[in-house]
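Because only heavy atoms are used, hydrogens play no part in the values below, and waters and symmetry mates are left out as well, while side chains stay in. Counting from 1, the numbers follow the sequence of the chain as shown.
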Amino acid sequence: MEKNKKIKLNIRKGDLVKVIAGDSKGQQGKVVEVITKTSRVIVEGANMVSKHTKPNAANPNGGINKMEAPIHISNVMMVDPKTGAPTRIGRKRNEDGKVIRIAKKSGEEIK
């Protein structure tokens, strides 16, 4: 991949998505973070992994923490705001000439 190539992703932080592949298939959640460099997203409550932590000042006992791991963006699908079903995303220009995202299933604007 080129160094300065900007990847355009359809999914943004705060979007409601459904996991369509992998161990967390079928789960829904909000996107907590988008990692554009690797085309991955972190979804709230999906793809949970156990992280073993050593004792430190913040956590004197250490232990095992459950946390979300990144999922590839191709394994999640946007949830249509109108119907609640997974949908693809398109782009259109509105009256002001600004590019907006629309749900392919319902034609609804994604805010």
Peer 1: Please say yes or no: joined through hydrophobic side-chain contacts below 4.5 Å, possibly via intermediate residues, are I71 and M48 part of one cluster?
Peer 2: no
Peer 1: NE2/H52 to CD1/I64 distance, rounded to the nearest 0.5 angstrom?
Peer 2: 4.0 Å
Peer 1: From K13 NZ over to I42 CD1, what is the distance, rounded to the nearest 0.5 angstrom?
Peer 2: 10.5 Å
Peer 1: So how far is it from M77 CE to K18 NZ, rounded to the nearest 0.5 Å?
Peer 2: 10.5 Å
Peer 1: For residues 23-33, which side-chain N or O atoms pair as donor and acceptor with protein atoms under 3.5 Å away, sequence neighbours left out?
Peer 2:
unit_1	atom_1	unit_2	atom_2	d
S24	OG	N47	N	2.7

Peer 1: Roughly how far, to the nearest 0.5 Å, is NZ of K92 from CD1 of I100?
Peer 2: 8.0 Å
Peer 1: Under a 4.5 Å cut-off applied to non-hydrogen side-chain atoms, are E108 and I102 in contact?
Peer 2: no
Peer 1: Could you grab the distance from atom CD1 of I11 to atom CD1 of I73, nearest 0.5 Å is fine?
Peer 2: 4.5 Å
Peer 1: Would you call R101 and D15 a salt bridge, taking side-chain N to carboxylate O under 4.0 Å as the test?
Peer 2: yes
Peer 1: Is V41 close to I35 at the side-chain level, that is, under 4.5 Å between some pair of heavy atoms?
Peer 2: no
Peer 1: Can you name the closest pair of heavy atoms from V34 and R12 and give their distance?
Peer 2: CG2-C, 3.9 Å
Peer 1: Taking side chain to side chain contact (heavy atoms under 4.5 Å, CB included) as the test, write out the residues that go with S74, two or more places apart.
Peer 2: H72
Peer 1: Using a 4.5 Å cut-off on heavy atoms from C-beta on, say whether the side chain of I89 contacts that of K104.
Peer 2: no
Peer 1: Has T87 got a side-chain atom pairing as donor or acceptor with V79's backbone, closer than 3.5 angstrom?
Peer 2: no
Peer 1: Any salt bridge (Lys or Arg N to Asp or Glu O under 4.0 Å) pairs touching residues 54-79, not counting sequence neighbours?
Peer 2: none
Peer 1: Please name the pair of heavy atoms, one in I110 and one in A103, separated by the smallest distance, quoted to 0.1 Å.
Peer 2: CD1-N, 3.8 Å
Peer 1: When you measure from the side chain of T53 to the backbone of G63, do you find a donor-acceptor pair of N or O atoms at a distance under 3.5 Å?
Peer 2: yes
Peer 1: Between R91 and N10, is any side-chain donor less than 3.5 angstrom from a side-chain acceptor?
Peer 2: yes
Peer 1: Could you give me the CA-CA distance, side-chain angles and deciding distance for V76 and I20, then say whether side-chain contact (heavy atoms from CB on, under 4.5 Å) is met?
Peer 2: CA-CA 5 Å; V76 296; I20 57 168; 5.9 Å; no
Peer 1: Would you say the side-chain atoms of D80 pair up with the backbone N or O of K82, donor to acceptor, closer than 3.5 Å?
Peer 2: yes
